[in-house]
Amino acid sequence: MTLQYKFPEGFWWGSATSATQIEGAAGEGGKGKNIWDHWYETEPNRFFDGVGPESTSDFYHRYKDDIQLMKGIGHNTFRLSISWSRLIPGGRGEVNQEAVKFYNNVIDELLANGIEPFVNLYHFDMPFELQEEGGWESRAVVDAYEAYAKEAFRLFGDRVTKWFTFNEPIVPVEGGYLYDFHYPNVVDGRRAVQVAYHTMIAHAKAVEAFRTFDINNGKIGIILNLTPSYPRSQHPADLKASRMADLFFNRSFLDPAVLGEYPEELIEVLREHSQLPVTEKGDRELIKANTADILGVNYYQPRRVKAKEHLPNPYGPFMPDWFFDNYEMPGRKMNQYRGWEIYEKGIYDIMINLKENYGNIESFISENGMGVQDEDRFLKDGEIQDDYRIDFIREHLKWLHKSIQEGCNTKGYHLWTTMDNWSWMNAYKNRYGFFSVDVETKERTPKKSAHWIKEVSENNGF
Ligand code: BG6
């Protein structure tokens, strides 16, 4: 068969998940509480249909079957995260042996089925006790994270070679400290900056620790949600708006993680508005010396911006949005369910940017996907006919393929997500998986896209 879009040998086909969103068993196996367990206990009304993280998709009990499903659709790689509060209840101190057994089983089962595990250490899920100590605002929590990371490398580093320190570290900053969609629901620019900074220090410390372990061919990196910022026009004010959005939402983590330093312009603007974080001696060198080996790129939507229409309220909390307005481009293609624009070329623009400005770091698409509400509407003959998802993936893959042809160092594509999972405040509202999940029985059923991706993965193209 001649393929129009053939991917390089060994291309990583797979999907991504996170512990809190798939494991369930929140009160089982000795797991401690994380901020999601706590928030749901105290404010269940904040979650779609009042559904919380207690049982989610029950991967904790069903991982063997789920790994067979992955294998069946041609996965050669799979991303999971370790739940910090499961491995070390309370966040520091004794390791929970039941958790060690669980993660060992998952890792071994994946490997036995020819699927390489990519392991992420933190996906929005701070142990509750550490949040009570101040979460990422506290430098002591950074130390606890470093100890946790070391423990994970020691326990699983004999078999896991691809490690990630954080998934989308900007999201807890936005959700928890600016825009009120994650616990602890603080709205405070300065505290947000401190949280972002400490997350970066935690990342650098984990990278530094990783290098003291003898992990054969081991690579460590970070997963960032990169949202290219497109200006409304070429007017200098629009261009400046897009540069500012890029600084706050992309370069705030991308530059220190890959280049080893923060953009001067970001430091300047924070200084001007008295928002600089508290730092310690040696931090600059730590960040410089511990850049990522590999970068995961989560891409869902672009960011379109324009110059501000009105001056911000000078008495309101400091916000990145003081420097730009969001722009609704007429004629944009929307995923109306999630309210996100679909712009496939964005994936190519990101990769070209990484090639030209970030040393062409080894990367892969670590998340891309389409969340759709009420997917049962598309049920026919017992299967969800998700042609929209197939189109979505195919069109993104075409642009990714073009970027590879032009020399970008892109190694794989992971869909968000394997089977429908629990999405934070949205719970099971929008479905993203190759497999649908019956929330009551937890039964998995392949969607049309599952059959399609099997063929694409097995042919290494389409
Ligand atoms: C990414 C996250 O932001 O997007 C996932 O890494 C998340 O955790 C996914 O579930 C989809 O977004 P949402 O908000 O629809 O769940």
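Atoms within each ligand, like the ligands themselves, are counted from 1 in listed order.
- Of the candidates Y432, F124, W416, it is Y432 that places a heavy atom closest to atom 12 (O) of ligand 1.
- For atom 9 (C) of ligand 1, the closest heavy atom belonging to the protein is Y300 OH, 3.5 Å.
- Heavy-atom separations between H123 and ligand 1 include at least one value shorter than 4.0 Å.
- Checked against K33 for a side-chain hydrogen bond (donor to acceptor under 3.5 Å, both in side chains), the options Q131, H38, E41 give a single hit: E41.
- Salt bridge R389/E375: present, at least one basic N to carboxylate O contact under 4.0 Å.
- We find that K345 and D349 are joined by a salt bridge, their nearest charged nitrogen and carboxylate oxygen being less than 4.0 Å apart.
- Ranked by closest heavy atom to atom 6 (O) of ligand 1, the top entry among R338, Q21, R431, E367 is E367.
- Annotation: side chain of V119 is in contact with side chain of I82 (closest heavy-atom distance under 4.5 Å).
- Protein heavy atom nearest atom 3 (O) of ligand 1, with residue, atom name and distance: E168 OE1, 2.6 Å.
- For ligand 1, the polar-atom distance check against N167 finds a nitrogen or oxygen pair separated by under 3.5 Å.
- Taking the six-membered ring for Trp and the full ring otherwise, W424 and F124 have centroids separated by under 6.0 Å.
- Between S423 and ligand 1, at least one pair of N/O atoms sits closer than 3.5 Å.
- Within the 4.0 Å heavy-atom shell around ligand 1 one finds W340.
- For the side-chain hydrogen bond (donor to acceptor under 3.5 Å, both in side chains) criterion with E341, the lone passing option out of R304, R303, K333 is R304.
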